[in-house]
Asker: 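Before I ask anything, let me first share the structure, which is written out below as structure tokens.
Numbering of residues begins at 1 and proceeds along the displayed sequence.
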Amino acid sequence: MCALALPLAQAADLLANLSSGQLQKDIGNVKVIKVDGKNAIELSGVTGPKKANNLYLQFSLKLDTPISLEGKTLQVKAFSKVPSPGFYVRAYNSGEKKAVWSFLSWNSRVGTAESTINVTGGRSDLLQWEPGMTTGGKPDKVDRIQFYIGTPEGGKAVDLVITGLQDVPELAPDKIKPTGSTVGFPKPELSKVVDLPKATALVKNGAANAEILHPDTAAGRAAAAKVAAAVK
């Protein structure tokens with residue numbers, strides 16, 4: 001018995017023929033909009049009540065025909081009218097519940113100015129690769145791309161606008177560089193080289209210049225007291 005091969009689209013612009021039927025609502029409201037006359041996707045909503053964990057809005061884009069991302073870079077263009085610190089991108093092979101690619105950042109990578117974010121297997125210019133969240137397989141039948149935005153704040157209005165999504169020939173490491181929004185990239189303000197200490201004094205002026213760690217028991221405290229008394 002042989003498996004039925006899925007047709008693979010030679011896709012480039014994944015939003016060119018976008019329809020509302022391709023949008024899978026997970027948490028929040030998602031819809032097709034126009035930005036500068038081109039198709040775009042808007043995710044918006046208000047996060048739930050404050051809790052110990054972070055809060056998210058998310059949606060999935062279902063592709064009409066699976067694509068292969070082997071040897072490709074997925075290029076995402078996005079901005080936010082109300083930015084949130086967390087941003088995730090995940091890609092799923094057809095029929096699989098676990099992502100084949102997964103990236104994240106909590107450094108406010110999507111700001112009010114449009115950013116271009118490049119992701120490819122195992123690396124990205126602005127996001128962190130999450131190997132533990134992936135199948136470890138080949139991204140050769142991708143038919144769903146998922147986006148999250150996250151914040152620790154409850155009852156907060158947040159949004160995300162995806163203005164571009166395309167697969168391009170895989171960018172070399174030296175070609176994947178941050179572009180667009182500079183949110184999350186504070187500039188260093190060092191005016192001189194910092195002198196590193198070359199010695200640490202454990203005893204100063206006849207007394208211990210460090211904490212003596214010991215078990216929180218009578219015997220432990222007694223032993224620590226003896227060590228402290230012996231320091232001269």
Asker: Can you find a pair of side-chain heavy atoms, one from Val142 and one from Pro66, that are under 4.5 Å apart?
Answerer: no
Asker: With the 4.5 Å side-chain cut-off for hydrophobic clustering, are Val76 and Met133 part of the same group?
Answerer: no
Asker: Would you check, one step at a time, whether the test side-chain contact (heavy atoms from CB on, under 4.5 Å) holds for Ile149 with Leu43?
Answerer: CA-CA 9 Å; Ile149 49 176; Leu43 171 67; 4.0 Å; yes
Asker: If you group Ile, Leu, Val, Met, Phe, Trp and Tyr by side-chain heavy-atom gaps below 4.5 Å, do Val110 and Ile27 land in one group?
Answerer: yes
Asker: Between Tyr88 and Tyr56, does the ring centroid distance fall short of 6.0 Å?
Answerer: yes
Asker: Kindly say whether Ile145 contributes a backbone atom to a donor-acceptor pair with the side chain of Ser60 at under 3.5 angstrom?
Answerer: no
Asker: Do Leu74 and Leu165 touch side chain to side chain, with heavy atoms closer than 4.5 Å?
Answerer: yes
Asker: Taking side chain as C-beta onward, heavy atoms only, is Pro139 less than 4.5 Å from Glu70?
Answerer: yes
Asker: Minimum heavy-atom separation for Leu55 and Lys50, please, with both atom names.
Answerer: CD1-CA, 4.3 Å
Asker: Between Leu14 and Ile67, is any pair of side-chain heavy atoms under 4.5 Å apart?
Answerer: yes
Asker: Could you go through the side chain to side chain donor-acceptor pair (under 3.5 Å) check for Asp13 and Gln166 one step at a time?
Answerer: CA-CA 4 Å; Asp13 184 352; Gln166 61 180 339; over 6 Å; no
Asker: For the pair Glu114 and Thr163, evaluate side chain to side chain donor-acceptor pair (under 3.5 Å) and give the outcome as yes or no after the intermediate values.
Answerer: CA-CA 8 Å; Glu114 184 183 78; Thr163 55; 2.6 Å; yes
Asker: Between Glu130 and Arg90 (salt bridge meaning N to carboxylate O under 4.0 Å), is one present in this structure?
Answerer: yes
Asker: Looking at every heavy atom in both Asp125 and Thr116, which two are closest together, and how far apart are they?
Answerer: OD2-O, 3.9 Å
Asker: Taking the side chain as C-beta and beyond, is there a heavy-atom pair between Ser108 and Pro83 under 4.5 Å?
Answerer: no
Asker: Once you round to the nearest 0.5 Å, how far does CD1 of Ile33 lie from CD1 of Ile41?
Answerer: 9.5 Å
Asker: Work out which heavy atom in Ser68 is nearest to a heavy atom in Lys72; give both atom names and the distance.
Answerer: O-CG, 3.8 Å
Asker: What are the two closest non-hydrogen atoms of Ala40 and Val161, and how far apart are they?
Answerer: CB-CG1, 4.3 Å
Asker: Search all heavy atoms of Ile162 against all heavy atoms of Phe59 and return the closest pair with its distance.
Answerer: CG1-CZ, 4.3 Å
Asker: Between Phe87 and Tyr148 (judged by ring centroids, cut-off 6.0 Å), do the two rings come close enough to count as a pair?
Answerer: no
Asker: Using a 3.5 Å distance criterion without hydrogens, assess whether the side chain of Asn39 forms a donor-acceptor pair with backbone atoms of Leu15.
Answerer: yes
Asker: Is Ser124 reaching over with its side chain to a backbone N or O of Asn118, donor-acceptor style, under 3.5 angstrom?
Answerer: yes
Asker: Do Val100 and Asp140 have side chains that approach each other closer than 4.5 Å (heavy atoms only, starting at C-beta)?
Answerer: no
Asker: Quick check against the 3.5 Å criterion: does Ser102 have a side-chain atom that pairs as donor or acceptor with the backbone of Pro131?
Answerer: no
Asker: Quick one: pull up CG in Asp167 and OG1 in Thr73 and give me the separation to the nearest 0.5 Å.
Answerer: 9.5 Å
Asker: Roughly how far apart are Ser20 OG and Lys25 NZ, rounded to 0.5 Å?
Answerer: 13.5 Å
Asker: Within 45 degrees of the ring normal and closer than 6.0 Å to the centroid, is that where the cationic atom of Arg144 sits relative to Tyr92?
Answerer: yes
Asker: Could you verify whether a donor N or O on one side chain and an acceptor N or O on the other, from Asp159 and Ser80, lie under 3.5 Å apart?
Answerer: yes
Asker: Quick one: pull up OG1 in Thr135 and CH2 in Trp101 and give me the separation to the nearest 0.5 Å.
Answerer: 12.0 Å
Asker: Could you check Leu61 against Leu63 for side-chain contact (heavy atoms from CB on, under 4.5 Å), going step by step and ending with a plain yes or no?
Answerer: CA-CA 6 Å; Leu61 170 64; Leu63 304 180; 4.1 Å; yes
Asker: So, do Val89 and Leu104 sit near enough that their side-chain heavy atoms are less than 4.5 Å apart?
Answerer: no
Asker: How long is the straight-line distance from OG of Ser84 back to CG of Leu57, given to the nearest 0.5 Å?
Answerer: 7.5 Å
Asker: Does anything in residues 32-42 form a salt bridge (Lys or Arg N to Asp or Glu O under 4.0 Å)? List the pairs, not counting sequence neighbours.
Answerer: Lys31-Glu42, Glu42-Lys81
Asker: I'd like to know whether Leu127 forms a side-chain contact (heavy atoms from CB on, under 4.5 Å) with Val119, so could you lay out the CA-CA distance, the side-chain angles of the two residues, the decisive distance to 0.1 Å, and finally the verdict.
Answerer: CA-CA 8 Å; Leu127 307 182; Val119 299; 4.0 Å; yes
Asker: Do Lys138 and Leu69 have side-chain heavy atoms sitting under 4.5 Å apart?
Answerer: no
Asker: Would the distance check show the side chain of Gln58 and the main-chain N or O of Asp26 forming a donor-acceptor pair, the cut-off being under 3.5 Å?
Answerer: no
Asker: How close do Trp106 and Thr151 get, counting heavy atoms only, and between which atoms?
Answerer: CH2-N, 3.5 Å
Asker: Can you tell me how far apart CG (Asn93) and OG1 (Thr134) are? Round to the nearest 0.5 Å.
Answerer: 11.0 Å
